[in-house]
Number of protein chains: 2
Amino acid sequence: MAQKIATTSGDKENDGTRRPRVPTMKQIAEEAKVSIKTVSRVMNNDPAVKEATRGKVMDVAGTLGYRPNTPARTLVTGRSKTIGLLISDIGNYFFSEIVKGVQVATEEEGYSLLLCDTGENPDTELRCVDLLLGHKVDGLILSSSRLKDDQISNVAKYSDVVLCNRTHPDEKVRSVCIEDNALHLATEHLIELGHRHFGYIGGPVRGRAAWMREEGCREVLARHGFEKPIVASGFPVSIEGGYEAMNWILDVKPEVSAIVTYNDMLAIGAMKAVQARGLKVPEDISVVGFDDLNFAAHTNPPLTTVSVPIFRFGYKAAQLLFGAIRPNGDDTPHSDVIKCHLVIRSSTGKVKA
Amino acid sequence: MAQKIATTSGDKENDGTRRPRVPTMKQIAEEAKVSIKTVSRVMNNDPAVKEATRGKVMDVAGTLGYRPNTPARTLVTGRSKTIGLLISDIGNYFFSEIVKGVQVATEEEGYSLLLCDTGENPDTELRCVDLLLGHKVDGLILSSSRLKDDQISNVAKYSDVVLCNRTHPDEKVRSVCIEDNALHLATEHLIELGHRHFGYIGGPVRGRAAWMREEGCREVLARHGFEKPIVASGFPVSIEGGYEAMNWILDVKPEVSAIVTYNDMLAIGAMKAVQARGLKVPEDISVVGFDDLNFAAHTNPPLTTVSVPIFRFGYKAAQLLFGAIRPNGDDTPHSDVIKCHLVIRSSTGKVKA
DNA sequence: ATGAAAGCGCTAACAT
DNA sequence: ATGTTAGCGCTTTCAT
């Protein structure tokens, strides 16, 4: 028996192609013969409803296929159960893994995730932030943000903010960073192997993380009193970019025996370039990467690299954010550092005698 | 001079840590001495406003830092300028690249993107769909959906739907697929090289795409009257899984000379396993992958694989969706097929005499 | 334990 | 070219 669902009015002839009207609390209330507020209470798990009433309401809601209207709720409460995530390139495994970590934590919390890809462009980033704020996101995770400190402070006035891979003077702004020390270990490792002539292949030109890593390499060498590394920067952060960068280094300073890179992609490209010149890795030149992507163990030769628990990185960022969002979450930690470790494989070896 | 912004009422003592009240159209209207509807018109680029008025409103909006309240607009219009995207594993390059394609198209359209990762779980997928529908998304892209046809039909009643890599009988449901023929080419290529004993390493066990590819391989062999391939399935779709699968095949049927795989990750693992046994690729065994991931050209040996323009895949899916969403978009195409081609590198060669 | 009324910020339908 | 009114679906007082 086809059940006719009562609508308030204007129950236009359903021409078959139109979308069915989705049920509202009002309809549930009428059908279940309770007030609209009681329906609301049931939907919000308010304990102050009799089991019988709750059951009745749930039944009706079930058969009608009721689904709470998030925007309506957001309008009145000011909270959307949604967070925003900004990243600079989702095609990059590093970021996609961050997204995964954030996504998992978000789902655990019963939240939704609005994603924006800014392409490392500060203007796009600002537009995205506005867009997300317009959506009334309860919080924002900014990964490799290109914004200025005061711009971020400004955003933090309107929403809780967590920064990935960047610190911020404003104590309202939370952040989670990769342990800077990690690249030091890589450099030390090469020093122990006897290397003295270093090359460094850099990452995104204006990125903070890129700068920190480059500095880390320089610092360790300086501390040991060795000569400065030759730095190749401005190349695309890709296998191809690493290839070109390595060729440039080999042209300019052929005596290098150890190459430290911003990430695994560059390292792979660098190894290719070395091999293309008839040289061998690691016999002639050692190369170390950063990230430990899932195929780093499967390159030729297997890549020595700094292993970063990227998923945990994203997961942590989201947890920090929810710590801020949750009522009484003010006493949760405001920052975190993700520990990394060096994975020694076969792309590094003793310097030639 | 600090400007005091007038608020309607209840201008509570700002205790310094509270969020500032965000301006509304009403405030803009008062400040600019126009009606709230005029502000609305300006914000919606209604041409029927005098330039002078528009300028005045824009000015006030600018200084007050006005930002339209999306949920409020959504509540009244029923449209959120947001689409939902469901994928099964964002850590997988294939999906992250789809996300990228969708994201770019979405941004071009001035829309926002809600992302869910379902982990290939139909229940999670259903929950996510409900969540997104609750957000009033204007459309939904389902990538490798595990839902049943009628479940999808049901979703399509409430929102425009585009399927990635799956067709659907319901004509309301749009879809974009990878050309099934692609894997045929790979198999034919191996046949031309003289191979007769095939192995196939399969993908996700209940996935449609996985099944189509496996069938494609079988079909081509059958057409040529060659023996059936030995099929390794149920292994994790990863380098490690490929490694194990290949070992299994080598144990069970050592005479295989050609391996077709569901994707590049499996192919890389397979090559590893072959090499670990002291055999050579392609001299002893040829291997072909699928996807042409960015590092497929850099494996050892460089991988022969079916190149899939994944970005375009996602981009197309979003375009199809916006075609449906846009008013008068009914006459736009309802499905599309993404062409692939075989990239012959060095992991395939003539069969040993 | 439940209900009535007000209103969140915006747009649609009708004025003028 | 601009304004008025009503109401989207929900939650928040405040009653009862």
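Please read all numbers here as calculations on a predicted model, not as lab measurements. Per chain, numbering begins at 1; letters A, B, ... match sequence-line order.
In this view, B:Tyr158 satisfies the side-chain hydrogen bond (donor to acceptor under 3.5 Å, both in side chains) rule with no residue, not counting sequence neighbours. Every side chain to side chain contact (heavy atoms under 4.5 Å, CB included) that A:Asp46 has, sequence neighbours left out, goes to A:Arg41, A:Ala48. Partners of A:Asn165 according to the side-chain hydrogen bond (donor to acceptor under 3.5 Å, both in side chains) rule, which considers only residues two or more places apart in sequence or in another chain, do not exist here. Annotation: side chain to side chain contact (heavy atoms under 4.5 Å, CB included) contacts of B:Ser153 (sequence neighbours excluded): B:His168, B:Asp170. For B:Glu109, the side-chain hydrogen bond (donor to acceptor under 3.5 Å, both in side chains) test picks out B:Arg326, with sequence neighbours left out. For B:Arg79, the side chain to side chain contact (heavy atoms under 4.5 Å, CB included) partners at least two apart in sequence or on another chain are B:Thr77, B:Tyr111, B:Asp138, B:Ile325. The side chain to side chain contact (heavy atoms under 4.5 Å, CB included) search around B:Ser88 returns B:Phe95, B:Thr118, B:Glu120, B:Ser144, not counting sequence neighbours. With sequence neighbours excluded, no residue forms a salt bridge (Lys or Arg N to Asp or Glu O under 4.0 Å) with A:Glu125.
One can place CG of B:Leu75 at 13 Å from C1' of D:dA6, the figure rounded to the nearest angstrom. Going from atom CD1 of B:Ile36 over to atom P of D:dG7 covers 16 Å, rounded to whole Å.
Here chain B contacts DNA chain C (any atom closer than 4.0 Å to a heavy atom, that is under 4.0 Å), and the contacts span C:dG9 to C:dA13 from 5' to 3'.
For A:Val76, the side-chain atoms get nearest to D:dC10 when compared with the rest of D:dG7, D:dC10, D:dT4.
An OP1 or OP2 oxygen of D:dT2 is reached within less than 4.0 angstrom by a side-chain nitrogen or oxygen of B:Thr53. Contact annotation: A:Tyr66 side-chain N/O to D:dG9 OP1/OP2 distance is not under 4.0 Å.
Defining each end axis of the helix from C:dA1-D:dT16 to C:dT16-D:dA1 as the rotation carrying four pairs' C1' atoms onto the next four, with five pairs an end, the two axes are found to diverge by 30° to 10 degrees.
Residues in residues 33-66 of chain A take part in no ring pair (Phe, Tyr, Trp, His ring centres under 6.0 Å) pair, two or more places apart or across chains.
In the region residues 38-49 of chain B, proximity to DNA chain D at under 4.0 angstrom, judged on heavy atoms, holds for B:Thr38, B:Arg41, B:Ala48, B:Val49.
A side-chain donor-acceptor contact under 3.5 Å links A:Gln103 and A:Glu107. Between the side chains of A:His135 and B:Ser112, at least one donor N or O lies within less than 3.5 Å of an accepting N or O.
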